[in-house]
Amino acid sequence: QYIPPTAEYFHVSINGRAIGEALAPIAEALKADEHVRQLSLESANIGPEALSILAGVFSLNDFLEELYLSGNDVGRDGTKILCEGIAQSKSLAVLHLASCGLGDEAAKILADLIEKNNSLRILDLCNNTIGEVGFEPIYEAIKCNENIVKCNLRDNKIPKEKGEKL
């Protein structure tokens, strides 16, 4: 059961728990909730199917500012689904996708989002398997989007001289 908050803004954290079917009512509540500014679902056993539920939130919620999904099995397919949803967001400024099984293909999809989304400011993409092929489109997208102030790509497969560009 969803109980509306009494605080002006708050952070919802459901880290380290396999939330499975519970994501649907959470996503439904978020669609109209202007109080939740941060949503943390780190290591919550979320894959592409669950991300499709979450992606639907962004077209109706202009208040969510930070999304933490690190430690989930996002991969290429989940990245595509998530980016389609986030592309509709006017408020999401922080996106954490560390340790999410992102490779070069997912990085290319993210690059398209980075280039076009004006609300994103901070990205955490560390500890994935992004290599030089995925780094280049991200780098070019960041150069096009002056709103990005930080992009963490440490612990990927990016050559040191390339990573120092950022």
Side-chain angles (χ1 to χ4, degrees), residues 11-13 15 23 26-27 30-31 36-166:
H11 175 116
V12 173
S13 178
N15 296 328
L23 187 57
I26 293 168
L30 284 172
K31 287 179 181 177
V36 177
R37 299 299 167 99
Q38 299 174 333
L39 178 61
S40 185
L41 301 170
E42 295 182 315
S43 301
N45 199 28
I46 295 174
E49 188 175 316
L51 286 170
S52 66
I53 295 168
L54 187 59
V57 169
F58 296 104
S59 63
L60 300 170
N61 181 311
D62 286 333
F63 305 102
L64 189 63
E65 297 171 354
E66 299 181 28
L67 179 60
Y68 299 84
L69 291 172
S70 296
N72 287 295
D73 185 23
V74 176
R76 183 190 115 13
D77 293 342
T79 300
K80 186 175 188 292
I81 292 164
L82 188 62
C83 286
E84 287 170 359
I86 293 173
Q88 300 175 56
S89 175
K90 296 177 183 123
S91 61
L92 192 69
V94 178
L95 178 61
H96 282 249
L97 293 172
S99 304
C100 285
L102 308 182
D104 290 333
E105 293 303 312
K108 291 175 187 176
I109 295 165
L110 279 165
D112 189 49
L113 175 70
I114 293 166
E115 190 173 330
K116 296 175 182 173
N117 186 294
N118 292 321
S119 66
L120 284 174
R121 305 281 182 270
I122 298 171
L123 297 163
D124 184 356
L125 305 174
C126 73
N127 200 31
N128 284 290
T129 57
I130 299 169
E132 189 170 349
V133 171
F135 170 78
E136 287 301 329
I138 287 177
Y139 176 71
E140 292 302 320
I142 289 172
K143 284 186 355 185
C144 293
N145 186 340
E146 61 188 33
N147 295 318
I148 302 291
V149 294
K150 181 179 179 183
C151 182
N152 183 355
L153 284 161
R154 108 184 121 68
D155 297 328
N156 276 287
K157 296 181 176 184
I158 302 164
K160 186 177 179 180
E161 66 276 2
K162 296 281 185 177
E164 290 174 351
K165 287 177 160 182
L166 282 179

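Sequential numbering from 1 along the given sequence is applied to the chain's residues.
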Nearest 0.5 Å please: distance from the [atom1] atom of [X] over to the [atom2] atom of [Y].
| X | Y | atom1 | atom2 | result |
| --- | --- | --- | --- | --- |
| Ser59 | Glu84 | OG | CD | 12.0 Å |
| Leu41 | Leu67 | CG | CG | 6.5 Å |
| Leu123 | Cys151 | CG | SG | 5.0 Å |
| Asn156 | Thr129 | CG | OG1 | 7.0 Å |

Any side-chain heavy-atom pair from [X] and [Y] closer than 4.5 angstrom?
| X | Y | answer |
| --- | --- | --- |
| Leu125 | Ile138 | yes |
| Val12 | Leu30 | no |
| Phe135 | Leu153 | yes |
| Ile130 | Asp104 | yes |

Could you walk me through whether Asn117 and Leu92 satisfy the side chain to side chain contact (heavy atoms under 4.5 Å, CB included) test, starting with their C-alpha distance in whole Å, then the side-chain angles of each, then the deciding distance to 0.1 Å, before giving a yes or no?
CA-CA 9 Å; Asn117 186 294; Leu92 192 69; 6.0 Å; no
Taking side chain to side chain contact (heavy atoms under 4.5 Å, CB included) as the definition, give me every residue that meets it alongside Asn147, ordered by chain and number, with sequence neighbours left out.
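Result, side chain to side chain contact (heavy atoms under 4.5 Å, CB included) vs Asn147: Asn118, Arg121, Asn145.
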Could you tell me whether Lys90 atom NZ has more than 12 heavy atoms of other residues or ligands within 6.0 Å of it?
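No.
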Does CD in Glu140 sit with more than 12 non-hydrogen atoms of other residues, nucleotides or ligands closer than 6.0 Å?
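Counting neighbours around CD of Glu140, more than 12 heavy atoms of other residues, nucleotides or ligands fall under 6.0 Å, so yes.
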Residue list, ring-ring contact (aromatic ring centres under 6.0 Å, His included) with Phe58, at least two apart or on another chain
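So Phe58 forms no ring-ring contact (aromatic ring centres under 6.0 Å, His included) with any residue.
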So Leu54 and Ile46, side chain to side chain contact (heavy atoms under 4.5 Å, CB included) or not? Walk me through it.
CA-CA 10 Å; Leu54 187 59; Ile46 295 174; 5.7 Å; no
Quick one, Leu69 with Leu51, criterion side chain to side chain contact (heavy atoms under 4.5 Å, CB included). Give me CA distance, side-chain angles, the key distance, then yes/no.
CA-CA 10 Å; Leu69 291 172; Leu51 286 170; 3.9 Å; yes
Residue pairs involving residues 69-119 (criterion ring pair (Phe, Tyr, Trp, His ring centres under 6.0 Å); sequence neighbours excluded):
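The answer is Tyr68-His96.
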For Cys100 against Ser70, the heavy-atom pair lying closest together:
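Shortest heavy-atom contact: SG-CA, 3.8 Å.
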Checking side chain to side chain contact (heavy atoms under 4.5 Å, CB included) for the pair Lys108/Val133: CA distance, chi angles, key distance, verdict?
CA-CA 8 Å; Lys108 291 175 187 176; Val133 171; 3.7 Å; yes
